[in-house]
Amino acid sequence: MSQTVDRALSILPLLAEGPADLGQVAERLGVHKSTALRLLRTLHEHGLVYRQSDQRYRLGARLFALAQEAVENLDIREIAHPHLVRLNEQCGHTVHLAVHEEGEVLYIDKVESRYPVRMYSRIGKPVAITVAAVAKLLLADLPEPERRALAEKLDYPMYTARSIPNAPAFLKELATVREQGWATDLGGHEESINCVGAPIRGTDGRVVAAMSVSAPNVVVTADELLTLLPLVRRTADAISREYSGTGNTPVKEGSS
């Protein structure tokens, strides 16, 4: 049974390359045409493949519908939370998760630091979009025309002397973030708070969320916080793999 399932699933990547006839499918699988036909018929019955008028097979509409439904039902917060907690346990600092929705960057999860100093950020609250590390990561992934249009219409409050002052400077910062794959806010929103963040990506490589570690400089200096960047990036990569389904987590025997 497992071999049959494996063969049937092996047909899908083949058809993702383009329509194929029965002979091509049989050759790729290394089986007789009758076996390949039986597998194709089963997939066709479930709408996962479609037989064209030229007798070649392609991926079926049901497969695309299932994929879209799966994406829509993914909860990035639920997937990321255990990773954020683990990171917090390792470093002790405040950890945030944020997404870009309807022109705003919003915190959707937060794990508090283990020391008495607390940050004023709240779940559901928009971030300071021109200075926050998570905002830079999310906006840097936008197509260039969208980045430019957004930068031109934003206001640039000078929260501190380190805040980004205008659209050209913001676009330059986003270009840097896009190239290096991580971002910081070193006293740009609050002089006493530093932050380092990394992107979380979906199956298509686009940034779907961003996470960060923040700490006051009375606890750690900016340079000390930056030493956590490899750990922050590994955590973001782990969340990305789990979110996109590429983590290759083995299925335990007996699980249903």
Side-chain angles (χ1 to χ4, degrees), residues 80 83-84 86-100 104-123 125-142 147-148 150-151 154-201 207 209-237 239-240:
H83 297 273
L84 305 184
R86 194 173 304 117
L87 177 60
N88 170 266
E89 291 172 347
Q90 290 175 285
C91 70
H93 306 311
T94 301
V95 183
H96 288 109
L97 180 71
V99 295
H100 184 212
E104 290 186 319
V105 174
L106 306 169
Y107 290 126
I108 60 171
D109 201 2
K110 177 184 181 182
V111 183
E112 290 280 7
S113 66
R114 298 204 303 269
Y115 37 79
V117 180
R118 290 288 184 264
M119 297 185 63
Y120 293 111
S121 55
R122 295 195 308 272
I123 294 174
K125 180 181 178 181
V127 310
I129 199 167
T130 59
V131 292
V134 288
K136 295 173 186 177
L137 290 160
L138 289 158
L139 301 183
D141 192 60
L142 295 174
R147 291 202 308 272
R148 187 166 296 279
L150 177 63
L154 288 175
D155 295 323
Y156 293 87
M158 293 302 293
Y159 302 104
T160 75
R162 296 182 179 181
S163 299
I164 295 176
N166 51 49
F170 189 53
L171 288 169
K172 182 178 180 180
E173 176 74 358
L174 294 185
T176 299
V177 169
R178 187 180 178 94
E179 181 177 356
Q180 68 189 14
W182 51 275
T184 61
D185 169 17
L186 304 180
H189 187 217
E190 297 179 59
E191 288 186 358
S192 61
I193 302 294
N194 298 307
C195 176
V196 59
I200 297 166
R201 301 181 184 275
V207 176
M211 56 158 295
S212 65
V213 169
S214 303
N217 54 26
V218 295
V219 177
V220 292
T221 66
D223 287 341
E224 289 171 335
L225 188 66
L226 285 171
T227 65
L228 294 175
L229 178 59
L231 179 59
V232 173
R233 298 185 76 177
R234 285 197 299 272
T235 301
D237 288 345
I239 299 170
S240 298

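Legend: residues meeting side chain to side chain contact (heavy atoms under 4.5 Å, CB included) with A236, ordered by chain and number and at least two apart, are A198, I200, M211. A search for side chain to side chain contact (heavy atoms under 4.5 Å, CB included) contacts involving P126 returns E104, L106, not counting sequence neighbours. Remark: I108 engages I76, R77, L97, V99 in a side chain to side chain contact (heavy atoms under 4.5 Å, CB included) (not counting sequence neighbours). Take R233 and apply the salt bridge (Lys or Arg N to Asp or Glu O under 4.0 Å) test, not counting sequence neighbours, and it matches no residue. For N217, the side chain to side chain contact (heavy atoms under 4.5 Å, CB included) partners at least two apart in sequence or on another chain are S192, N194. Listed by chain and residue number, H93 satisfy the side chain to side chain donor-acceptor pair (under 3.5 Å) test with Y115 (two or more places apart in sequence, or in another chain). Listed by chain and number, the residues in a salt bridge (Lys or Arg N to Asp or Glu O under 4.0 Å) with R148 are E144 (sequence neighbours excluded). By the side chain to side chain donor-acceptor pair (under 3.5 Å) test, E112 is found to be paired with K110, residues two or more places apart in sequence or in another chain being considered.
Taking CD of E89 as the start and CG of L87 as the end, the distance is 9.5 Å to the nearest 0.5 Å. For the atom pair SG (C195) and NE2 (H189), the distance works out to 11.5 Å, reported to the nearest 0.5 Å. Between the OG1 atom in T184 and the CG atom in L137 there is a gap of 9.5 Å [rounded to 0.5 Å]. With rounding to the nearest 0.5 Å, the separation of CG in L138 from CG in L174 is 10.5 Å. Atoms CD1 and CD1, from I164 and I129 in turn, are 11.0 Å apart once rounded to the nearest 0.5 Å.
Among residues at least two apart or in separate chains, there is no salt bridge (charged side-chain N to carboxylate O under 4.0 Å, His left out) pair with a member in residues 209-219. Residue pairs meeting the side-chain hydrogen bond (donor to acceptor under 3.5 Å, both in side chains) criterion with at least one partner in residues 156-173, sequence neighbours excluded, are K136-E173. Applying the salt bridge (charged side-chain N to carboxylate O under 4.0 Å, His left out) rule to pairs touching residues 185-199 yields nothing, sequence neighbours excluded.
Annotation: Q180, atom CD; neighbour count of heavy atoms from other residues, nucleotides and ligands within 6.0 Å is above 12.
With R147 contributing its side chain and L142 its backbone, the two residues share a donor-acceptor pair below 3.5 Å.
For the residue pair L154 and F170, the shortest heavy atom distance occurs at CD1-CE2, 3.7 Å.
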